[in-house]
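Notes follow the structure.
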Number of protein chains: 2
Amino acid sequence: MGRSRTVAGVAGVRERILAAATELFAEQGYAATSVQQVVDRAGVTKGGLYHYFGAKEDLLIEMYRAVFGERLAALDRIVGQGRDPEWTLRAIIDDIVVGTAAMIKESAAVSRELAAMDNERTQRLQADWRRYQETVRGLIRDAQEAGVFAAVASPEIVSWSIFGVTNSLHTWYRPDGPKPAAAIAEELADLVLTGLRA
Amino acid sequence: MGRSRTVAGVAGVRERILAAATELFAEQGYAATSVQQVVDRAGVTKGGLYHYFGAKEDLLIEMYRAVFGERLAALDRIVGQGRDPEWTLRAIIDDIVVGTAAMIKESAAVSRELAAMDNERTQRLQADWRRYQETVRGLIRDAQEAGVFAAVASPEIVSWSIFGVTNSLHTWYRPDGPKPAAAIAEELADLVLTGLRA
DNA sequence: CTGTCAATACCGACCGGTTGGTATGTTGTC
DNA sequence: GACAACATACCAACCGGTCGGTATTGACAG
(Lines give C-alpha, C1' and ligand atoms only; values in the text may rest on other atoms or scores of the structure.)
Protein backbone atom coordinates (compact mmCIF):
# COMPACT_ATOMS: atom_id res chain seq x y z
CA MET A 1 0.00 0.00 0.00
CA GLY A 2 2.23 2.86 1.24
CA ARG A 3 1.64 6.51 0.65
CA SER A 4 3.48 7.67 -2.46
CA ARG A 5 3.24 11.22 -1.15
CA THR A 6 5.78 12.73 -3.51
CA VAL A 7 3.20 12.78 -6.25
CA ALA A 8 -0.02 12.94 -4.26
CA GLY A 9 0.89 15.77 -1.85
CA VAL A 10 -0.77 19.11 -2.59
CA ALA A 11 2.62 20.78 -2.72
CA GLY A 12 6.22 19.70 -2.30
CA VAL A 13 7.20 19.11 1.29
CA ARG A 14 10.05 21.56 1.05
CA GLU A 15 7.69 24.28 -0.16
CA ARG A 16 5.17 23.51 2.56
CA ILE A 17 7.86 23.82 5.22
CA LEU A 18 9.02 27.13 3.82
CA ALA A 19 5.49 28.48 3.57
CA ALA A 20 4.70 27.47 7.15
CA ALA A 21 7.92 29.01 8.40
CA THR A 22 7.23 32.23 6.50
CA GLU A 23 3.81 32.62 8.07
CA LEU A 24 4.99 31.85 11.57
CA PHE A 25 8.08 34.04 11.39
CA ALA A 26 5.95 36.90 10.08
CA GLU A 27 3.41 36.46 12.87
CA GLN A 28 5.62 35.73 15.85
CA GLY A 29 9.17 36.50 14.84
CA TYR A 30 12.01 34.13 14.14
CA ALA A 31 13.29 33.47 17.66
CA ALA A 32 9.81 33.12 19.12
CA THR A 33 8.90 30.42 16.61
CA SER A 34 10.02 26.88 17.41
CA VAL A 35 10.99 24.31 14.84
CA GLN A 36 8.23 22.15 16.26
CA GLN A 37 5.62 24.78 15.40
CA VAL A 38 6.91 24.94 11.86
CA VAL A 39 6.74 21.21 11.26
CA ASP A 40 3.33 20.97 12.91
CA ARG A 41 1.88 23.59 10.58
CA ALA A 42 3.60 22.07 7.57
CA GLY A 43 2.30 18.63 8.45
CA VAL A 44 5.69 16.97 8.63
CA THR A 45 8.11 16.01 11.38
CA LYS A 46 11.41 17.44 12.49
CA GLY A 47 13.26 14.71 10.71
CA GLY A 48 11.66 15.85 7.49
CA LEU A 49 12.60 19.47 8.04
CA TYR A 50 16.21 18.67 8.78
CA HIS A 51 16.32 16.50 5.71
CA TYR A 52 15.80 19.59 3.56
CA PHE A 53 17.37 22.30 5.70
CA GLY A 54 20.63 22.19 7.59
CA ALA A 55 19.47 24.50 10.35
CA LYS A 56 16.56 26.65 11.44
CA GLU A 57 18.50 29.69 10.28
CA ASP A 58 18.54 28.39 6.72
CA LEU A 59 14.81 29.05 6.52
CA LEU A 60 15.37 32.73 7.25
CA ILE A 61 18.27 32.95 4.83
CA GLU A 62 16.09 31.50 2.09
CA MET A 63 13.45 34.17 2.69
CA TYR A 64 16.12 36.83 2.80
CA ARG A 65 17.37 35.73 -0.60
CA ALA A 66 13.89 35.59 -2.06
CA VAL A 67 13.15 39.14 -0.95
CA PHE A 68 16.41 40.87 -1.83
CA GLY A 69 17.51 38.82 -4.79
CA GLU A 70 14.64 39.87 -7.02
CA ARG A 71 14.76 43.47 -5.88
CA LEU A 72 18.46 43.78 -6.55
CA ALA A 73 18.16 42.28 -10.01
CA ALA A 74 15.32 44.66 -10.83
CA LEU A 75 17.36 47.61 -9.58
CA ASP A 76 20.19 46.77 -11.94
CA ARG A 77 17.76 46.45 -14.85
CA ILE A 78 16.17 49.82 -14.09
CA VAL A 79 19.41 51.72 -13.56
CA GLY A 80 20.93 50.01 -16.59
CA GLN A 81 18.42 51.72 -18.86
CA GLY A 82 20.21 55.00 -18.31
CA ARG A 83 17.12 57.19 -18.31
CA ASP A 84 16.60 60.47 -16.47
CA PRO A 85 16.54 60.58 -12.64
CA GLU A 86 12.82 61.20 -12.31
CA TRP A 87 11.89 58.20 -14.42
CA THR A 88 14.52 56.05 -12.73
CA LEU A 89 13.51 56.92 -9.18
CA ARG A 90 9.86 56.43 -10.03
CA ALA A 91 10.60 53.01 -11.50
CA ILE A 92 12.61 52.01 -8.43
CA ILE A 93 9.84 53.08 -6.06
CA ASP A 94 7.29 51.19 -8.11
CA ASP A 95 9.37 48.03 -8.18
CA ILE A 96 10.24 47.95 -4.50
CA VAL A 97 6.71 48.73 -3.34
CA VAL A 98 5.00 46.28 -5.68
CA GLY A 99 7.72 43.66 -5.21
CA THR A 100 7.60 43.93 -1.44
CA ALA A 101 3.82 43.77 -1.43
CA ALA A 102 3.93 40.62 -3.55
CA MET A 103 6.08 38.93 -0.90
CA ILE A 104 4.63 40.70 2.09
CA LYS A 105 5.01 37.81 4.54
CA GLU A 106 8.60 37.12 3.63
CA SER A 107 9.28 40.83 3.90
CA ALA A 108 7.70 40.99 7.32
CA ALA A 109 9.81 38.11 8.58
CA VAL A 110 13.01 39.44 7.09
CA SER A 111 12.66 43.13 7.88
CA ARG A 112 12.04 42.41 11.53
CA GLU A 113 14.97 40.05 11.95
CA LEU A 114 17.44 41.86 9.75
CA ALA A 115 19.20 43.86 12.43
CA ALA A 116 19.54 40.93 14.81
CA MET A 117 21.29 38.71 12.28
CA ASP A 118 24.90 39.63 12.50
CA ASN A 119 26.89 36.50 11.84
CA GLU A 120 29.15 35.94 8.86
CA ARG A 121 26.51 34.06 6.91
CA THR A 122 24.30 37.11 6.51
CA GLN A 123 26.96 39.71 5.88
CA ARG A 124 26.89 39.10 2.16
CA LEU A 125 23.16 39.66 2.10
CA GLN A 126 23.43 42.78 4.19
CA ALA A 127 26.12 44.06 1.84
CA ASP A 128 23.70 43.57 -1.05
CA TRP A 129 21.08 45.58 0.75
CA ARG A 130 23.56 48.33 1.49
CA ARG A 131 24.50 48.46 -2.18
CA TYR A 132 20.84 48.88 -3.05
CA GLN A 133 20.53 51.85 -0.72
CA GLU A 134 23.79 53.36 -1.89
CA THR A 135 22.63 53.20 -5.49
CA VAL A 136 19.45 55.08 -4.70
CA ARG A 137 21.26 57.68 -2.62
CA GLY A 138 23.86 58.16 -5.34
CA LEU A 139 21.14 58.65 -7.92
CA ILE A 140 19.49 61.34 -5.82
CA ARG A 141 22.79 63.01 -4.98
CA ASP A 142 23.88 63.21 -8.62
CA ALA A 143 20.52 64.61 -9.67
CA GLN A 144 20.63 67.21 -6.93
CA GLU A 145 24.16 68.27 -7.87
CA ALA A 146 23.08 68.54 -11.48
CA GLY A 147 20.15 70.72 -10.45
CA VAL A 148 17.57 68.22 -11.68
CA PHE A 149 16.30 67.56 -8.16
CA ALA A 150 15.89 70.25 -5.52
CA ALA A 151 18.11 69.98 -2.45
CA VAL A 152 15.11 70.25 -0.15
CA ALA A 153 16.33 67.21 1.79
CA SER A 154 19.53 65.16 1.82
CA PRO A 155 19.76 61.93 -0.19
CA GLU A 156 19.83 60.01 3.09
CA ILE A 157 16.50 61.35 4.28
CA VAL A 158 14.85 60.94 0.89
CA SER A 159 15.98 57.34 0.55
CA TRP A 160 14.92 56.49 4.08
CA SER A 161 11.50 57.99 3.56
CA ILE A 162 11.15 55.50 0.71
CA PHE A 163 12.65 52.48 2.45
CA GLY A 164 10.83 53.34 5.63
CA VAL A 165 7.54 52.86 3.81
CA THR A 166 8.54 49.50 2.38
CA ASN A 167 10.04 48.33 5.66
CA SER A 168 6.83 49.00 7.50
CA LEU A 169 4.56 48.04 4.64
CA HIS A 170 3.69 44.74 6.29
CA THR A 171 2.11 46.51 9.24
CA TRP A 172 -0.64 48.12 7.22
CA TYR A 173 -0.72 46.82 3.63
CA ARG A 174 -3.37 44.18 2.97
CA PRO A 175 -3.32 42.28 -0.34
CA ASP A 176 -7.12 42.23 -0.38
CA GLY A 177 -7.44 45.81 0.80
CA PRO A 178 -8.88 48.72 -1.17
CA LYS A 179 -5.59 50.17 -2.34
CA PRO A 180 -3.49 48.03 -4.70
CA ALA A 181 0.27 48.05 -4.36
CA ALA A 182 0.70 49.90 -7.65
CA ALA A 183 -1.46 52.75 -6.36
CA ILE A 184 0.59 52.95 -3.17
CA ALA A 185 3.75 53.09 -5.23
CA GLU A 186 2.40 55.86 -7.42
CA GLU A 187 1.30 58.01 -4.52
CA LEU A 188 4.62 57.59 -2.77
CA ALA A 189 6.49 58.49 -5.95
CA ASP A 190 4.25 61.53 -6.45
CA LEU A 191 4.88 62.69 -2.91
CA VAL A 192 8.63 62.27 -3.05
CA LEU A 193 9.10 63.59 -6.57
CA THR A 194 6.91 66.62 -5.98
CA GLY A 195 9.04 67.39 -2.96
CA LEU A 196 12.14 67.04 -5.11
CA ARG A 197 10.86 69.16 -8.00
CA ALA A 198 13.55 71.73 -8.77
CA MET B 1 30.17 42.40 56.40
CA GLY B 2 27.35 42.51 53.85
CA ARG B 3 27.06 44.85 50.93
CA SER B 4 24.54 47.61 51.60
CA ARG B 5 24.15 48.01 47.85
CA THR B 6 20.93 49.96 48.01
CA VAL B 7 22.86 53.14 48.66
CA ALA B 8 26.26 52.35 47.16
CA GLY B 9 25.14 51.11 43.70
CA VAL B 10 25.84 53.50 40.83
CA ALA B 11 22.19 53.36 39.86
CA GLY B 12 19.08 51.74 41.24
CA VAL B 13 18.91 48.02 40.62
CA ARG B 14 15.60 48.38 38.87
CA GLU B 15 17.00 50.97 36.49
CA ARG B 16 20.08 48.87 35.80
CA ILE B 17 17.93 45.87 34.92
CA LEU B 18 15.79 47.96 32.61
CA ALA B 19 18.81 49.50 30.92
CA ALA B 20 20.45 46.12 30.39
CA ALA B 21 17.22 44.67 28.99
CA THR B 22 16.80 47.65 26.65
CA GLU B 23 20.26 47.22 25.19
CA LEU B 24 19.93 43.48 24.75
CA PHE B 25 16.45 43.62 23.29
CA ALA B 26 17.60 46.29 20.84
CA GLU B 27 20.61 44.23 19.82
CA GLN B 28 19.18 40.74 19.69
CA GLY B 29 15.44 41.04 19.90
CA TYR B 30 13.15 40.15 22.78
CA ALA B 31 12.72 36.43 22.26
CA ALA B 32 16.38 35.84 21.48
CA THR B 33 17.42 37.45 24.75
CA SER B 34 17.34 35.28 27.85
CA VAL B 35 16.55 36.49 31.33
CA GLN B 36 19.95 35.16 32.34
CA GLN B 37 21.67 37.51 29.87
CA VAL B 38 19.76 40.45 31.26
CA VAL B 39 20.67 39.79 34.86
CA ASP B 40 24.30 39.08 33.95
CA ARG B 41 24.66 42.43 32.21
CA ALA B 42 22.81 44.24 34.98
CA GLY B 43 25.05 42.63 37.60
CA VAL B 44 22.23 41.04 39.56
CA THR B 45 20.64 37.62 39.76
CA LYS B 46 17.31 36.30 38.62
CA GLY B 47 15.92 36.62 42.10
CA GLY B 48 16.60 40.33 41.88
CA LEU B 49 14.89 40.71 38.56
CA TYR B 50 11.80 38.82 39.60
CA HIS B 51 11.67 40.88 42.75
CA TYR B 52 11.02 43.98 40.64
CA PHE B 53 9.29 42.54 37.60
CA GLY B 54 6.57 39.94 37.48
CA ALA B 55 7.60 38.51 34.15
CA LYS B 56 10.06 38.98 31.32
CA GLU B 57 7.28 40.56 29.29
CA ASP B 58 6.93 43.36 31.82
CA LEU B 59 10.31 44.68 30.72
CA LEU B 60 9.04 45.11 27.17
CA ILE B 61 5.80 46.69 28.33
CA GLU B 62 7.74 49.23 30.34
CA MET B 63 9.75 50.21 27.26
CA TYR B 64 6.60 50.37 25.22
CA ARG B 65 5.09 52.79 27.70
CA ALA B 66 8.24 54.90 27.83
CA VAL B 67 8.30 55.27 24.06
CA PHE B 68 4.65 55.91 23.34
CA GLY B 69 3.62 57.65 26.51
CA GLU B 70 5.76 60.69 25.96
CA ARG B 71 4.99 60.87 22.26
CA LEU B 72 1.27 60.72 22.81
CA ALA B 73 1.35 63.43 25.45
CA ALA B 74 3.38 65.66 23.15
CA LEU B 75 0.94 65.03 20.30
CA ASP B 76 -1.95 66.23 22.43
CA ARG B 77 -0.02 69.35 23.43
CA ILE B 78 0.83 70.17 19.82
CA VAL B 79 -2.63 69.58 18.41
CA GLY B 80 -4.14 71.41 21.36
CA GLN B 81 -2.52 74.64 20.27
CA GLY B 82 -4.92 74.85 17.34
CA ARG B 83 -2.44 76.31 14.86
CA ASP B 84 -2.43 75.87 11.08
CA PRO B 85 -1.81 72.42 9.54
CA GLU B 86 1.67 73.21 8.23
CA TRP B 87 2.93 74.34 11.62
CA THR B 88 1.18 71.46 13.36
CA LEU B 89 2.53 68.74 11.06
CA ARG B 90 6.01 70.21 11.25
CA ALA B 91 5.84 70.22 15.04
CA ILE B 92 4.65 66.61 15.11
CA ILE B 93 7.43 65.46 12.80
CA ASP B 94 9.99 67.29 14.88
CA ASP B 95 8.71 65.81 18.12
CA ILE B 96 8.49 62.23 16.94
CA VAL B 97 11.88 62.26 15.23
CA VAL B 98 13.72 63.96 18.07
CA GLY B 99 11.79 62.02 20.71
CA THR B 100 12.45 58.70 19.02
CA ALA B 101 16.11 59.54 18.57
CA ALA B 102 16.40 60.37 22.25
CA MET B 103 15.17 56.88 23.13
CA ILE B 104 16.62 55.10 20.17
CA LYS B 105 17.34 51.81 21.93
CA GLU B 106 13.91 51.55 23.46
CA SER B 107 12.43 52.39 20.06
CA ALA B 108 14.48 49.70 18.37
CA ALA B 109 13.33 47.07 20.85
CA VAL B 110 9.71 48.11 20.70
CA SER B 111 9.34 48.71 16.97
CA ARG B 112 10.72 45.29 16.18
CA GLU B 113 8.56 43.40 18.63
CA LEU B 114 5.39 45.42 18.23
CA ALA B 115 3.69 43.22 15.68
CA ALA B 116 4.46 40.00 17.53
CA MET B 117 2.88 41.16 20.76
CA ASP B 118 -0.77 40.41 20.40
CA ASN B 119 -2.02 39.48 23.82
CA GLU B 120 -4.58 41.45 25.79
CA ARG B 121 -1.95 43.23 27.84
CA THR B 122 -0.61 45.16 24.86
CA GLN B 123 -3.88 45.99 23.17
CA ARG B 124 -4.33 49.17 25.14
CA LEU B 125 -0.88 50.32 24.07
CA GLN B 126 -1.52 49.43 20.47
CA ALA B 127 -4.78 51.34 20.61
CA ASP B 128 -2.84 54.40 21.77
CA TRP B 129 -0.49 54.07 18.85
CA ARG B 130 -3.39 53.74 16.45
CA ARG B 131 -4.93 56.90 17.87
CA TYR B 132 -1.67 58.72 17.24
CA GLN B 133 -1.67 57.66 13.60
CA GLU B 134 -5.34 58.47 13.19
CA THR B 135 -4.77 61.98 14.52
CA VAL B 136 -2.03 62.64 11.99
CA ARG B 137 -4.06 61.19 9.12
CA GLY B 138 -7.10 63.23 10.13
CA LEU B 139 -5.02 66.37 10.24
CA ILE B 140 -3.74 65.76 6.72
CA ARG B 141 -7.16 64.78 5.41
CA ASP B 142 -8.81 67.92 6.78
CA ALA B 143 -6.10 70.15 5.37
CA GLN B 144 -6.37 68.51 1.98
CA GLU B 145 -10.15 68.91 1.93
CA ALA B 146 -9.74 72.54 2.90
CA GLY B 147 -7.31 73.02 0.05
CA VAL B 148 -4.41 73.89 2.38
CA PHE B 149 -2.50 70.75 1.44
CA ALA B 150 -2.31 69.37 -2.08
CA ALA B 151 -3.89 65.95 -2.66
CA VAL B 152 -0.73 64.64 -4.26
CA ALA B 153 -0.88 61.55 -2.04
CA SER B 154 -3.45 60.11 0.34
CA PRO B 155 -3.23 60.77 4.08
CA GLU B 156 -2.32 57.12 4.59
CA ILE B 157 0.76 57.28 2.38
CA VAL B 158 1.89 60.61 3.78
CA SER B 159 1.57 59.44 7.36
CA TRP B 160 3.38 56.18 6.63
CA SER B 161 6.22 57.97 4.93
CA ILE B 162 6.69 59.82 8.22
CA PHE B 163 6.22 56.84 10.55
CA GLY B 164 8.29 54.67 8.26
CA VAL B 165 11.25 56.94 8.87
CA THR B 166 10.86 56.89 12.63
CA ASN B 167 10.23 53.13 12.71
CA SER B 168 13.45 52.44 10.87
CA LEU B 169 15.38 55.27 12.47
CA HIS B 170 17.26 52.86 14.71
CA THR B 171 18.84 51.13 11.73
CA TRP B 172 20.76 54.17 10.61
CA TYR B 173 20.57 57.02 13.12
CA ARG B 174 23.63 57.36 15.36
CA PRO B 175 23.47 59.73 18.33
CA ASP B 176 27.11 60.65 17.82
CA GLY B 177 26.78 60.86 14.04
CA PRO B 178 27.18 63.98 11.92
CA LYS B 179 23.48 64.76 11.58
CA PRO B 180 21.58 65.68 14.75
CA ALA B 181 18.02 64.50 15.18
CA ALA B 182 16.65 68.01 14.81
CA ALA B 183 18.26 68.30 11.37
CA ILE B 184 16.76 64.97 10.31
CA ALA B 185 13.38 66.15 11.46
CA GLU B 186 13.68 69.40 9.57
CA GLU B 187 14.69 67.74 6.31
CA LEU B 188 11.88 65.22 6.59
CA ALA B 189 9.38 67.99 7.27
CA ASP B 190 10.72 70.00 4.34
CA LEU B 191 10.41 67.02 2.02
CA VAL B 192 6.89 66.13 3.07
CA LEU B 193 5.57 69.66 3.28
CA THR B 194 7.07 70.66 -0.05
CA GLY B 195 5.31 67.67 -1.58
CA LEU B 196 2.08 68.79 0.06
CA ARG B 197 2.37 72.43 -0.98
CA ALA B 198 -0.91 73.36 -2.59
C1' DC C 1 8.40 -7.52 -17.28
C1' DT C 2 10.76 -8.63 -13.11
C1' DG C 3 14.35 -8.73 -9.43
C1' DT C 4 18.12 -6.18 -7.24
C1' DC C 5 20.10 -2.41 -5.07
C1' DA C 6 21.43 2.14 -3.93
C1' DA C 7 19.62 6.60 -3.25
C1' DT C 8 16.09 9.60 -1.64
C1' DA C 9 12.43 11.02 1.43
C1' DC C 10 10.77 11.05 5.62
C1' DC C 11 9.54 9.37 10.49
C1' DG C 12 9.64 9.58 15.54
C1' DA C 13 12.24 8.76 19.56
C1' DC C 14 15.80 10.84 21.74
C1' DC C 15 19.82 14.11 23.39
C1' DG C 16 22.20 17.62 26.15
C1' DG C 17 21.47 22.13 27.15
C1' DT C 18 18.70 26.20 28.10
C1' DT C 19 14.47 28.42 29.11
C1' DG C 20 11.31 31.38 32.17
C1' DG C 21 10.00 31.05 36.59
C1' DT C 22 9.93 29.79 41.78
C1' DA C 23 10.83 28.45 46.69
C1' DT C 24 13.78 29.23 50.12
C1' DG C 25 17.39 31.47 52.22
C1' DT C 26 20.32 35.51 54.00
C1' DT C 27 21.25 40.19 55.13
C1' DG C 28 20.90 44.99 56.30
C1' DT C 29 17.42 48.65 57.93
C1' DC C 30 13.87 50.63 60.54
C1' DG D 1 11.40 41.23 64.73
C1' DA D 2 9.08 42.70 60.63
C1' DC D 3 10.09 43.82 56.15
C1' DA D 4 12.29 45.00 51.78
C1' DA D 5 16.02 43.67 48.95
C1' DC D 6 18.28 40.73 47.00
C1' DA D 7 21.11 35.75 46.32
C1' DT D 8 21.14 30.76 45.65
C1' DA D 9 19.54 26.52 44.26
C1' DC D 10 16.50 24.36 41.69
C1' DC D 11 12.55 22.72 38.47
C1' DA D 12 9.65 21.06 34.68
C1' DA D 13 9.12 22.24 30.03
C1' DC D 14 10.95 23.08 25.95
C1' DC D 15 14.67 24.14 22.71
C1' DG D 16 17.40 23.05 18.22
C1' DG D 17 19.38 19.27 16.43
C1' DT D 18 20.70 14.11 15.76
C1' DC D 19 20.14 9.45 14.64
C1' DG D 20 18.76 4.78 13.47
C1' DG D 21 15.43 3.12 10.93
C1' DT D 22 11.87 2.39 7.06
C1' DA D 23 9.06 3.18 2.98
C1' DT D 24 9.32 4.62 -1.74
C1' DT D 25 11.52 5.60 -6.01
C1' DG D 26 14.51 5.18 -10.16
C1' DA D 27 18.24 2.92 -12.72
C1' DC D 28 19.92 -1.02 -14.46
C1' DA D 29 20.35 -6.13 -15.44
C1' DG D 30 18.63 -10.08 -17.16
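Here is the naming used below: chain letters follow the sequence lines, and residue numbers restart at 1 for every chain.
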Open item on the list: Suppose we screen for ring-ring contact (aromatic ring centres under 6.0 Å, His included). Which residues come up paired with A:F149, at least two apart in sequence or across chains?
Closed with: none

Which donor-acceptor pairs under 3.5 Å do side chains of residues 84-91 of chain A form with protein atoms, sequence neighbours excluded?
from	atom 1	to	atom 2	distance (Å)
A:D84	OD2	A:E86	N	3.3
A:D84	OD2	A:W87	N	3.1
A:E86	OE2	A:R197	NH1	3.4
A:T88	OG1	A:R83	O	3.3
A:T88	OG1	A:D84	O	2.9
A:R90	NH1	A:D190	OD1	3.0
A:R90	NH2	A:D190	OD1	3.0

TODO: Not counting sequence neighbours, which residues clear side-chain hydrogen bond (donor to acceptor under 3.5 Å, both in side chains) with A:S161? List them please.
DONE: none

Open item on the list: Using the side-chain hydrogen bond (donor to acceptor under 3.5 Å, both in side chains) criterion, which residues pair with B:D76? Sequence neighbours excluded.
Closed with: B:R131

Task: Strand-adjacent residues in residues 49-59 of chain B, judged by heavy atoms under 4.0 Å from DNA chain D - done: B:H51, B:Y52

Open item on the list: Any residue in residues 29-42 of chain A with a heavy atom nearer than 4.0 angstrom to DNA chain D? Just list them by number, or reply none.
Closed with: A:T33, A:S34, A:V35

Task: Where at least one partner belongs to residues 36-53 of chain A, residue pairs that pass salt bridge (charged side-chain N to carboxylate O under 4.0 Å, His left out), sequence neighbours excluded - done: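 As it turns out, the salt bridge (charged side-chain N to carboxylate O under 4.0 Å, His left out) pairs with a partner in residues 36-53 of chain A, which skip direct neighbours, are A:E23-A:R41, A:E27-A:R41.
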
Could you tabulate the donor-acceptor pairs under 3.5 Å formed by side-chain atoms of residues 172-184 of chain B, not counting sequence neighbours?
from	atom 1	to	atom 2	distance (Å)
B:W172	NE1	B:S168	O	3.2
B:K179	NZ	A:S154	OG	3.3
B:K179	NZ	B:E187	OE2	3.0

Task: ring pair (Phe, Tyr, Trp, His ring centres under 6.0 Å) partners of residues 89-146 of chain A, not counting sequence neighbours, each pair once - done: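 Every ring pair (Phe, Tyr, Trp, His ring centres under 6.0 Å) pair that includes a residue of residues 89-146 of chain A, provided the two are not neighbours, is A:F68-A:W129, A:W129-A:Y132, A:W129-A:F163, A:Y132-A:F163.
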
Open item on the list: Take a 6.0 Å sphere around CD of B:Q133 and say whether it holds more than 12 heavy atoms from other residues, nucleotides or ligands.
Closed with: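 Buried by this count: over 12 neighbours within 6.0 Å.
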
Open item on the list: In this structure, how many angstroms lie between the P atom of D:dG16 and the CG atom of A:L24, rounded?
Closed with: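 A:L24 atom CG is separated from D:dG16 atom P by 12 Å.
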
Donor-acceptor pairs under 3.5 Å, side chain of residues 99-109 of chain A to any protein atom, not counting sequence neighbours: which ones?
from	atom 1	to	atom 2	distance (Å)
A:T100	OG1	A:I96	O	2.5
A:S107	OG	A:M103	O	2.8

Open item on the list: Tell me every residue that passes side-chain contact (heavy atoms from CB on, under 4.5 Å) with B:Q126, counting only those two or more places apart in sequence or in another chain.
Closed with: B:Y64, B:L114, B:D118, B:T122, B:R130

Between the protein and nucleotides 15-17 of chain C, are there any N/O to N/O pairs under 3.5 Å, and if so, what are the atom names and distances?
none

